[in-house]
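Chain A is the first sequence line, chain B the second, and so forth, proteins listed ahead of strands; every chain is numbered from 1.
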There are 2 protein chains.
Amino acid sequence: MTDDPWVPPVVLLAVDLVILTLRDSRLHVLLVRRGVDPYKDAFALPGGFLNHAGEDITAAAHRELSEETDLDVETLSLEQLGVYGDPGRDPRGRVVSVAYLAIAPSLPEPTAGTDAADAGWQPADHVLSGDLQLAFDHRRIIADGVERARVKLEHSALATAFCGPTFTITELQNVYEAVWGIRLDPRNFYRKVQKTEGFIVPAGTARKAVTGRPARLYRAGPRTVLYPPMIRPAPVSIEGGE
Amino acid sequence: MTDDPWVPPVVLLAVDLVILTLRDSRLHVLLVRRGVDPYKDAFALPGGFLNHAGEDITAAAHRELSEETDLDVETLSLEQLGVYGDPGRDPRGRVVSVAYLAIAPSLPEPTAGTDAADAGWQPADHVLSGDLQLAFDHRRIIADGVERARVKLEHSALATAFCGPTFTITELQNVYEAVWGIRLDPRNFYRKVQKTEGFIVPAGTARKAVTGRPARLYRAGPRTVLYPPMIRPAPVSIEGGE
DNA sequence: CGAATAGTGTCTTTCAGACACTATAAC
DNA sequence: GTTATAGTGTCTGAAAGACACTATTCG
């Protein structure tokens with residue numbers, strides 16, 4: 001504390017979106033290619049600064065989301081991931097970014113990019129492995145977003161956000177397998193999902209596959225918190241380091 | 001959106017701390033009484049603005065924490081809780097606050113307040129029930145912090161952060177009971193905690209109670225992620241609303 | 001001895017994991 | 001019929017919940 005005429009410093013506030021979806025049973029993240037410096041031509045998360053000083057941060061996230069995807073705001077999962085504000089993360093000055101995690105159902109279209117040079121879905125494992133040049137600390141943000149999605153799949157009905165309005169149990173299982181990166185036994189998965197009351201509710205039967213028995217369709221149920229949770233067979237590695 | 005030479009808006013960045021501890025087997029949160037407007041004389045979370053434009057946010061949280069408590073930075077749990085930036089949350093202007101959650105071991109001293117008019121531990125349930133006049137959106141932040149602590153107790157060794165360097169299993173059980181707000185069976189708790197390898201490690205035996213058999217002492221083990229997790233008997237209420 | 005707290009053993013039920021089996025479609 | 005996917009039934013082992021019992025201190 002000082003007794004001088006001290007004034008608190010100001011920062012630029014940005015919003016970044018980690019938008020995850022499933023394509024070909026693999027987890028993908030939406031990235032744009034930057035058209036301007038810094039990090040020109042590198043991949044980056046969709047996002048941007050607040051429009052005006054009075055804009056709500058969550059509203060800004062929704063705005064950026066609808067600018068980058070043609071997703072319905074209603075059907076959409078969007079939650080705050082965290083703040084990334086290391087000094088020096090942005091060479092332009094002190095930029096503090098609020099990251100959001102959004103889950104999108106599989107979209108047939110690659111993307112309807114508007115803002116950025118071009119936008120597209122990139123496989124998450126490819127992005128995280130470090131092969132792609134990413135702007136700022138966005139690789140870290142994506143890693144945090146993927147990990148958040150993994151954890152939320154256990155305790156919430158988030159998995160249904162990856163699916164369309166109706167889906168089969170097998171499709172739901174694909175979500176878990178893709179996000180967790182493991183294989184699950186279909187029989188046990190059926191049993192577990194069915195007995196978790198309110199998780200999914202029947203929505204008729206329909207053809208989904210070209211061959212084989214037609215699967216029943218389900219919609220997301222009213223339950224948002226899963227108890228007991230879905231069990232992730234084993235953490236990637238049992239933590240122990242000291 | 002304008003096509004004028006637009007410049008992004010700036011915001012004031014603050015840091016707020018939800019510091020939780022156990023006193024008399026009840027969860028408490030550290031609050032200060034504001035000496036200045038706005039919300040003069042109301043209770044508020046310890047915190048403040050960045051010192052200078054280049055200060056790291058986490059560093060600012062550590063700084064505020066050591067200003068409010070005399071806790072060792074090393075032994076301390078501090079993690080980001082989220083961003084609270086609603087326009088209008090602060091009448092002075094656009095203030096965006098990054099909230100942090102800190103867990104403190106039970107301290108004999110009420111507090112060594114320095115910055116604020118006076119500081120003290122308040123029972124969490126009392127604070128959350130709405131009896132106390134709280135500044136800004138701090139009640140909401142505290143509620144989020146308590147909920148985060150509840151969840152983290154299940155999957156991490158956070159509970160040991162509530163205890164001193166050594167503790168008995170009964171003391172550890174008290175942490176779970178206080179934070180979760182339920183009673184646990186001591187026998188089953190012993191079994192569960194003991195077989196979670198690396199959670200706690202023996203640290204001799206010593207007198208803790210005035211009467212009865214002396215309890216063994218333990219220290220926090222190397223494991224930070226608990227797998228399998230501690231099971232919270234039932235969520236406060238099974239979520240279902242649509 | 002009794003009171004009080006610490007800690008162990010055991011039974012039962014529930015549930016995850018493994019896997020054999022049946023069901024319904026296209027061809 | 002064969003092939004392919006959907007869905008059910010059953011066994012087994014591990015672990016949570018309930019709770020009787022023993023252990024070690026103080027007075």
Side-chain angles (χ1 to χ4, degrees), chain A residues 24-25 153-155 159 163 166-177 180-219 226-235 238, chain B residues 24-25 153-155 159 163 166-177 180 182-219 223 226-235 238:
Chain A
D24 306 321
S25 295
L153 244 54
E154 297 184 75
H155 301 278
C163 304
T166 63
F167 48 87
T168 68
I169 291 188
T170 301
E171 285 170 343
L172 191 64
Q173 180 183 341
N174 283 336
V175 173
Y176 278 90
E177 292 184 333
W180 283 351
I182 56 170
R183 303 286 296 176
L184 297 172
D185 184 296
R187 286 80 57 98
N188 295 333
F189 186 82
Y190 269 73
R191 179 159 44 90
K192 175 72 176 178
V193 164
Q194 300 266 32
K195 86 163 48 163
T196 302
E197 209 174 328
F199 186 9
I200 58 174
V201 296
T205 302
R207 288 238 47 74
K208 282 276 180 164
V210 187
T211 176
R213 173 176 174 175
R216 298 182 204 148
L217 290 178
Y218 294 86
R219 285 182 294 101
L226 301 186
Y227 188 85
M230 303 291 289
I231 304 290
R232 178 152 48 144
I238 302 214
Chain B
D24 306 321
S25 295
L153 244 54
E154 297 184 75
H155 301 278
C163 304
T166 64
F167 49 87
T168 68
I169 291 188
T170 301
E171 285 170 343
L172 192 63
Q173 180 183 343
N174 283 337
V175 172
Y176 278 90
E177 292 185 334
W180 284 350
I182 56 170
R183 302 286 296 174
L184 297 172
D185 184 298
R187 287 81 55 101
N188 294 334
F189 186 82
Y190 269 73
R191 178 160 45 89
K192 176 74 176 176
V193 164
Q194 300 266 34
K195 86 164 47 163
T196 302
E197 210 174 328
F199 187 10
I200 57 174
V201 296
T205 302
R207 289 236 48 76
K208 282 275 179 164
V210 187
T211 177
R213 172 176 175 175
R216 297 181 204 148
L217 289 178
Y218 294 86
R219 285 181 292 102
R223 177 161 313 198
L226 300 186
Y227 188 85
M230 302 292 289
I231 304 290
R232 180 154 45 146
I238 302 217

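Closest approach to the A:Arg187 side chain among C:dT24, D:dA15, D:dT8 is made by D:dT8 (side chain taken as heavy atoms from C-beta onward). The nucleotide whose nearest atom lies closest to any side-chain atom of B:Pro214 is, among D:dA6, D:dT24, C:dG9, D:dT24. Nearest nucleotide to the B:Ile231 side chain, out of C:dA18, D:dA16, D:dT24: D:dA16. Distance from the side chain of A:Tyr190 is smallest to D:dG7 among D:dT24, C:dC19, D:dG7.
An OP1 or OP2 oxygen of D:dA6 is reached within less than 4.0 angstrom by a side-chain nitrogen or oxygen of A:Thr170. Distances shorter than 4.0 Å separate none of the side-chain N or O atoms of A:Lys192 from OP1 or OP2 on C:dC15. Put simply, B:Arg216 has a side-chain N or O that comes within less than 4.0 Å of OP1 or OP2 on C:dG7.
Between the side chain of A:Arg191 and the base of C:dG17, a donor-acceptor pair under 3.5 Å is found. Counting atom types as modelled, B:Asn188 pairs a side-chain N or O with a base atom of D:dA18 as donor and acceptor under 3.5 Å.
Computed from coordinates, the A:Arg213 CZ to C:dT24 P distance equals 5 Å when rounded to whole Å. Distance B:Met230 CE to D:dA15 P: 14 Å, rounded to the nearest Å. If you take CD of A:Glu171 and P of D:dT5, they are 14 Å apart, rounded to a whole angstrom. Nucleotide D:dA16 holds its P atom 20 Å from the CZ atom of B:Arg183, rounded to whole Å. The separation between A:Phe189 atom CZ and C:dC19 atom C1' is 18 Å, rounded to whole Å. Atom CD1 in A:Ile169 sits roughly 16 Å away from atom C1' in C:dT24 (whole-Å rounding). One can place CG of B:Asp185 at 12 Å from C1' of C:dG7, the figure rounded to the nearest angstrom. A:Lys195 places its NZ atom 13 Å from the C1' atom of D:dG9, with the value rounded to the nearest Å.
Residues B:Leu172 and B:Phe199 have side chains in contact (heavy-atom distance under 4.5 Å, counting atoms from C-beta outward). A 4.5 Å side-chain heavy-atom check between B:Ser25 and B:Glu177 finds every atom pair outside the cut-off. In this structure, A:Met230 and A:Trp180 have side chains that are in contact, with non-hydrogen atoms separated by less than 4.5 Å.
For A:Glu197, the CD atom sits in a loose shell: 12 or fewer heavy atoms of surrounding residues, nucleotides or ligands are nearer than 6.0 Å.
Under the 3.5 Å distance criterion, the side-chain polar atoms of A:Tyr227 are matched with a main-chain donor or acceptor of B:Pro233.
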